[in-house]
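Excluded from the calculations below are hydrogen atoms, water molecules and symmetry mates; all remaining heavy atoms, backbone and side chain alike, are included. Just follow the structure's listing: the first ligand is 1, and inside any ligand the first atom is 1. When a residue number appears, it is its place in the shown sequence, counting from 1.
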Amino acid sequence: MILNEEHYQLNGRDIVLKSATAEDGAMLVSYLKTVCGETRFLLCYPDEVSYTDEQEEDFIKTHNEAEDAMLMLAFVDGQYAGNCSFTSVGPSRRAKHRADVGIALFLKYTGFGLGRLMLTRLIDVIKKCGFEQAELTVVGGNERAYHLYESLGFKECGRIPNANRYDDGTYADDIHMVLKLKAE
Ligand SMILES: CC(C)(COP(=O)(O)OP(=O)(O)OC[C@H]1O[C@@H](n2cnc3c(N)ncnc32)[C@H](O)[C@@H]1OP(=O)(O)O)[C@@H](O)C(=O)NCCC(=O)NCCS
């Protein structure tokens, strides 16, 4: 699904939200390597990011063409700041009502409301697509992300203890959260 360019103002900064194009593949690989090194709260270490530019271009194409997925890029004062996305949890009829959500911003663009703006817009699209719930996983200790998700209505529904083992020998849980979109 394509998000046509949208413009916002946030704390005096110009924000553009829009879908990626195939030419953004290399930029997204480089971004992944950087953000994975800036925080311990993403999926892996930077040296484990092994996507090629072509694979990332396929990822963009798949999200743009699907009716039940979207990749949203954010630009702050013309600079790429990060992205958020959703896809259906699975293709089966039993899982098609569930959207899986992810978000990561460059460190320098965190903490001024961009994550809230992007997720609010993404959830709006997820609802319009007819999904009944949005789901995500947050690493224990990621207080900023946890607070943001909770304030948007996500509720903690389970934990995998010590799901993440770091090179320094420490561990962190995975916390699963769900946002119900359908009235009970
Ligand atoms: C997590 C992330 C997407 C949040 O986006 P963001 O733009 O930084 O967040 P926002 O500024 O919109 O909102 C953060 C909220 O957390 C609050 N917050 C900040 N630090 C906090 C802390 N240590 N404890 C609790 N709340 C905190 C802020 O006050 C704000 O809440 P408010 O709007 O009620 O005042 C972004 O920080 C990010 O990409 N981080 C690195 C990658 C990552 O962790 N991704 C998420 C993986 S699940």
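Considering backbone and side-chain atoms alike, Leu105 places an N or O below 3.5 Å from some N or O of ligand 1. Where the criterion is an N or O separation shorter than 3.5 Å, residue side chain and backbone included, Gly113 meets it with respect to ligand 1. Looking at Gly115 next to ligand 1, an N or O pair under 3.5 Å apart turns up. Checked against a 3.5 angstrom limit, the closest N/O atoms of Thr110 and ligand 1 fall outside it. In terms of N/O distances under 3.5 Å, ligand 1 is not approached by Val138.
Nearest heavy-atom pair across Ile60 and Gly25 is CD1-N, 3.7 Å.
With a heavy-atom cut-off of 4.0 Å, Leu42 touches ligand 1 through its side chain alone. Proximity of Tyr149 to ligand 1, defined as any heavy-atom pair under 4.0 Å, is confined to the side chain (atoms from C-beta onward). Using a 4.0 Å cut-off between heavy atoms, Asn142 contacts ligand 1 through its side chain alone, with no backbone atom that close. Residue contacts with ligand 1 for Tyr146 are absent, since no atom lies close enough (heavy atoms, distance under 4.0 Å).
Summarising the geometry, atom NZ belonging to Lys61 is positioned 10.0 Å from atom CG belonging to Asn64; distances are rounded to the nearest 0.5 Å. To the nearest 0.5 Å, atoms CG (Leu148) and OG1 (Thr120) are separated by 7.5 Å. Atom OH of Tyr80 and atom CG of Leu105 lie 8.5 Å apart (nearest 0.5 Å).
Counting atoms of ligand 1 from 1 in the listed order, those under 4.0 Å from a heavy atom of Ala145 are 1 (C). Near Ala104, the atoms of ligand 1 lying under 4.0 angstrom from a non-hydrogen atom of the residue are 39 (O). Below 4.0 Å from some heavy atom of Arg116 lie the following atoms of ligand 1, by number and element: 12 (O), 31 (O), 32 (P), 33 (O), 34 (O). Short contacts between ligand 1 and Phe112, defined as distances under 4.0 Å to a heavy atom of the residue, involve ligand atoms 11 (O).
Summary of contacts: the protein heavy atom closest to atom 25 (C) of ligand 1 is Glu143 O, 3.7 Å. From the protein, the heavy atom lying nearest to atom 9 (O) of ligand 1 is Leu148 CD2, 4.0 Å. Nearest to atom 45 (N) of ligand 1 among the protein's heavy atoms is Ile103 O, 3.0 Å.
Under the 4.0 angstrom criterion for non-hydrogen atoms, Thr137 is in contact with ligand 1. Ligand 1 has Gly111 within reach: a non-hydrogen atom of the residue lies less than 4.0 Å from it. Using a non-hydrogen distance threshold of 4.0 Å, Gly82 does not register as a contact of ligand 1.
One hydrophobic cluster holds both Met27 and Val16 under the rule that ILVMFWY side chains link at heavy-atom gaps under 4.5 Å. Under a hydrophobic clustering in which Ile, Leu, Val, Met, Phe, Trp and Tyr are joined whenever their side-chain heavy atoms come within less than 4.5 Å, directly or via other members, Val89 and Phe59 fall into different clusters.
With hydrogens and angles ignored, the 3.5 Å screen pairs no side-chain donor or acceptor of Asp14 with any backbone N or O of His7. In this structure, Asp68 contributes its side chain and Ser88 its backbone to no donor-acceptor pair below 3.5 Å.
Using modelled atom types, one finds no donor on one side chain facing an acceptor on the other under 3.5 Å when comparing Arg165 with Thr170.
Within the 4.5 Å cutoff, no side-chain heavy atoms of Leu122 are placed close to those of Val125.
Less than 4.0 angstrom separates atom 31 (O) of ligand 1 from at least one non-hydrogen atom of the protein. Per-atom contact check: atom 39 (O) of ligand 1 touches the protein, criterion being a heavy-atom distance below 4.0 Å. Protein heavy atoms all stay at least 4.0 Å away from atom 2 (C) of ligand 1.
In summary, of the residues considered (Asp58, Leu3, Thr87), a side chain to side chain contact (heavy atoms under 4.5 Å, CB included) with His63 occurs for Thr87 alone.
In this structure, Arg98 is not positioned above the aromatic face of Phe131 in the sense of NZ or CZ being under 6.0 Å from the six-membered ring centre and within 45° of the axis.
Distances from atom 34 (O) of ligand 1 to the heavy atoms of Met177, His147, Arg144, Glu150 show the closest one on His147.
For Ile2, the CD1 atom counts as densely surrounded, since its 6.0 Å shell holds more than 12 non-hydrogen atoms of other residues, nucleotides or ligands.
Tyr31 and Phe106 have their aromatic ring centers within a separation under 6.0 angstrom.
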